[in-house]
Peer 1: 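Can you read through this structure? Questions will come right after.
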Amino acid sequence: MSQDDMIGKWPVTFNRIITAIALSPRAEANLQESYRIAKKFQSLLILVHVGNRDPQTESGLKALIQKVGIPEDSFELHFMSGDPTMAILQAADEHQADLLIAGALQKEKWLHYFKGSIARKLCRKANCSLLLLTNPSVTPRPMHRIVVNGSDHPKTEDTIRTAIYVAHSFGSQKVTIVEEIDPSSVKFRPEDDRSLLLYNRECDRIRREEHRRLEGVLDSIPNTKDLLVEDKCLFGKKGYTIGHFTQSSRADLLVMNSPDTKLGFLDRVFTHDLEYILSDLPCDLLIVHTTKTKKEEEV
């Protein structure tokens, strides 16, 4: 089965992709990345410029689009005014975007962390999935390895499904599903040889249970033989552990659930698992938007 045939069978697709466009030093790299991604997903690319619409700016933007080589029937160009974050979010809602692409600092400075970058604000308020690019490039970059969170949450199946959809679209080689387990969930403490044995047995039991749970999730998701999908159960602090694993495994993309609630200032002081990732991005980050919650699943 061809890649195009596979994409047509996925219940989750990114049909409309939105990104900001500006006349800046990184503009060509950002636009090249966004266009390549849109081509992989066979999507319409919606370009939004936040600022005045004058002949000079419009001419410059169209010249940039032409330089990148985007066909006229593959994009829309819109002009917005006001606060950049709110303008991009408004445009995403108005044009019913499935995915919003934005640049992001790989490691934020302390002051910038607490003030909040545009990418961080988008993460808190976007009503669609969000792809943060840490190092946009004019030349194509491979996406061989993808890491996705496998937490026991109603959103996770959609997130894993999206990660595998992305892997097929980009011809990736491997998807690793990482389940982070709080060490305090293990009731035994390794204080001597006997307690160490009991501790290890309990950890193995938890790993087996999580492996069975993730196998059940994967049973309902399309896959092909040329994509390796594996799962890992890691004990450690949520957010920090998957971020460290992603970095050490040299993954090209990390895929995470969207937060259940809109993140605020207190989430940055008392760190939310996603905030660990946002403060020190190990690679490009895809946050899969879904409104499903545990309470809704119970209903």
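We use all heavy atoms of the structure for the numbers below, so side chains are in, but hydrogens, waters and symmetry mates are not. Just so you know, these numbers come straight off a predicted model, no measurement behind them.
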Peer 1: For the pair Ser34 (side chain) and Asn30 (backbone), establish whether a donor and an acceptor sit closer than 3.5 Å, ignoring hydrogens and angles.
Peer 2: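 Checking the backbone N and O of Asn30 against the side chain of Ser34, a donor-acceptor pair under 3.5 Å is found.
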Peer 1: Return yes if some donor-acceptor pair links the side-chain N/O of Glu28 with the main-chain N/O of Val68 below 3.5 Å, else return no.
Peer 2: no
Peer 1: Taking the side chain as every heavy atom from C-beta outward, state whether Gln66 and Lys62 have any atom pair closer than 4.5 Å.
Peer 2: no
Peer 1: If we only count heavy atoms from C-beta on, is the Leu133 to Ile101 side-chain gap below 4.5 Å?
Peer 2: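 A side-chain contact under 4.5 Å exists here.
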Peer 1: Could you pull out the closest heavy-atom pair between Ile88 and Leu100, with the gap in Å?
Peer 2: CG2-CD1, 3.7 Å
Peer 1: For Ser43, does its backbone N or O pair with a side-chain atom of Asn15 as donor and acceptor, under 3.5 Å?
Peer 2: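 It does not hold such a pair.
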Peer 1: Working to the nearest 0.5 Å, report the span between CD of Glu58 and CZ of Phe79.
Peer 2: 4.5 Å
Peer 1: Under 3.5 Å, is there a donor-acceptor pair between the Thr134 and Asp284 side chains?
Peer 2: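 Yes, side-chain donor-acceptor contact under 3.5 Å.
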Peer 1: Under a 4.5 Å cut-off applied to non-hydrogen side-chain atoms, are Ile37 and Ile17 in contact?
Peer 2: yes
Peer 1: Do Phe41 and Phe170 have ring centres separated by under 6.0 Å?
Peer 2: yes
Peer 1: Say you draw a straight line from CD1 of Ile164 to NE2 of His168; how long is it, rounded to the nearest 0.5 Å?
Peer 2: 6.5 Å
Peer 1: Is the backbone of Pro55 close enough, under 3.5 Å, to the side chain of Ser59 for a donor and an acceptor to pair up by distance?
Peer 2: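 No.
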Peer 1: Treating His49 as the side-chain partner and Ile21 as the backbone partner, does any N or O pair qualify as donor plus acceptor under 3.5 Å?
Peer 2: yes
Peer 1: Starting at CZ of Arg161, measure out to CD1 of Ile221 and round the result to the nearest 0.5 Å.
Peer 2: 5.0 Å
Peer 1: Salt bridge or not between Asp182 and Lys237? Use side-chain N to carboxylate O under 4.0 Å.
Peer 2: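 No.
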Peer 1: Report the distance from atom CD of Gln56 to atom CG of Leu23, rounding to the nearest 0.5 Å.
Peer 2: 8.5 Å
Peer 1: Above 12 or not: heavy atoms from other molecules or residues under 6.0 Å from CD of Glu215?
Peer 2: yes
Peer 1: Would you indicate whether the side-chain heavy atoms of Tyr35 and Phe75 approach each other to under 4.5 Å?
Peer 2: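 No - every pair of side-chain heavy atoms lies 4.5 Å or more apart.
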Peer 1: The criterion is side-chain contact (heavy atoms from CB on, under 4.5 Å); which residues satisfy it with His95, sequence neighbours excluded?
Peer 2: Arg16, Ile46, Glu76, His78, Ala91
Peer 1: Salt bridge or not between Asp158 and Lys155? Use side-chain N to carboxylate O under 4.0 Å.
Peer 2: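 Lys155 and Asp158: not salt-bridged.
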Peer 1: How far apart are the C-alpha atoms of Asp204 and Arg207, what are their side-chain angles, what is the distance that settles it, and do they pass the salt bridge (charged side-chain N to carboxylate O under 4.0 Å, His left out) test?
Peer 2: CA-CA 5 Å; Asp204 288 341; Arg207 289 191 183 96; 3.1 Å; yes
Peer 1: Out of curiosity, does Val138 fall in the hydrophobic cluster containing Leu61 (side-chain heavy atoms, cut-off under 4.5 Å, transitive links)?
Peer 2: no
Peer 1: Check the pair Met86 / Lys125 against side-chain contact (heavy atoms from CB on, under 4.5 Å), numbers first and verdict last.
Peer 2: CA-CA 9 Å; Met86 299 312 298; Lys125 298 181 179 180; 4.2 Å; yes
Peer 1: Can you name the closest pair of heavy atoms from Ser137 and Arg36 and give their distance?
Peer 2: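 Result for this residue pair: O-NH2, 2.6 Å.
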Peer 1: CZ/Arg213 to CG/Leu218 distance, rounded to the nearest 0.5 angstrom?
Peer 2: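 Arg213 CZ to Leu218 CG: 10.0 Å, rounded to 0.5 Å.
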Peer 1: Kindly give the heavy-atom pair with the smallest separation between Asn135 and Arg26, and that separation in Å.
Peer 2: CA-NH2, 4.4 Å
Peer 1: As a quick check of understanding, evaluate side-chain contact (heavy atoms from CB on, under 4.5 Å) for Ile277 and Leu285, giving each step before the final call.
Peer 2: CA-CA 9 Å; Ile277 304 297; Leu285 172 66; 3.8 Å; yes
Peer 1: What heavy-atom pair brings Ile177 and Gly150 nearest, and what distance separates the two atoms?
Peer 2: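 Looking at all heavy atoms of both residues, the shortest contact is CG2-CA, 3.6 Å.
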Peer 1: State which residues pass salt bridge (charged side-chain N to carboxylate O under 4.0 Å, His left out) with Arg205; sequence neighbours excluded, sorted by chain then number.
Peer 2: Glu202, Glu209
Peer 1: Looking only at side-chain N and O atoms, does His289 offer a donor or acceptor that is under 3.5 Å from a partner on Asn127?
Peer 2: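 No pair is found: no donor N or O on one side chain lies under 3.5 Å from an acceptor on the other.
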Peer 1: Would you say Asn52 and Ser81 are linked by a side-chain donor-acceptor pair, where the criterion is simply a distance under 3.5 Å?
Peer 2: no
Peer 1: If you round to the nearest 0.5 Å, how far is CG of Asp231 from CD of Glu210?
Peer 2: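 Glu210 CD to Asp231 CG: 9.0 Å, rounded to 0.5 Å.
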Peer 1: For residues Leu131 and Leu253, determine if any side-chain heavy atom of one lies less than 4.5 Å from a side-chain heavy atom of the other.
Peer 2: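 The answer is yes, as the side chains (C-beta and beyond) meet within the 4.5 Å cut-off.
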Peer 1: Between Glu179 and Lys232, is there a salt bridge with N-O shorter than 4.0 Å?
Peer 2: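 Here Lys232 does not pair with Glu179 in a salt bridge, since their nearest N and O are not under 4.0 Å apart.
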Peer 1: Which atom names give the shortest non-hydrogen contact between Val50 and Ala87, and what distance separates them?
Peer 2: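 The pair with the smallest heavy-atom distance is CG2-CB, 3.8 Å.
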Peer 1: Does the distance from a Lys or Arg side-chain N to an Asp or Glu carboxylate O, for Arg141 and Glu33, drop under 4.0 Å?
Peer 2: yes
Peer 1: Please tell me if the side chains of Ser129 and Asp98 come closer than 4.5 Å, counting only heavy atoms from C-beta onward.
Peer 2: no
Peer 1: Can you give me the closest heavy-atom contact between Ala29 and Pro136, atom names plus distance?
Peer 2: CB-O, 3.7 Å
Peer 1: For Asn257 and His153, what are the C-alpha separation, side-chain angles and deciding distance, and is it a side-chain contact (heavy atoms from CB on, under 4.5 Å)?
Peer 2: CA-CA 9 Å; Asn257 291 349; His153 191 283; 4.1 Å; yes
Peer 1: Below 4.5 Å, heavy atoms only, C-beta onward: do Ile146 and Thr176 meet side chain to side chain?
Peer 2: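 No. Closest side-chain heavy atoms not under 4.5 Å.
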Peer 1: Could you walk me through whether Leu64 and Leu31 pass side-chain contact (heavy atoms from CB on, under 4.5 Å), step by step?
Peer 2: CA-CA 9 Å; Leu64 176 61; Leu31 188 56; 3.8 Å; yes
Peer 1: Look only at the side chain of Thr241 and the backbone of Lys238, and say whether a donor-acceptor pair between them is shorter than 3.5 Å.
Peer 2: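 Side chain of Thr241 to backbone of Lys238, a donor-acceptor pair under 3.5 Å: no, none is there.
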Peer 1: Does the side chain of Leu286 come within less than 4.5 Å of Leu254's, by heavy atoms?
Peer 2: no
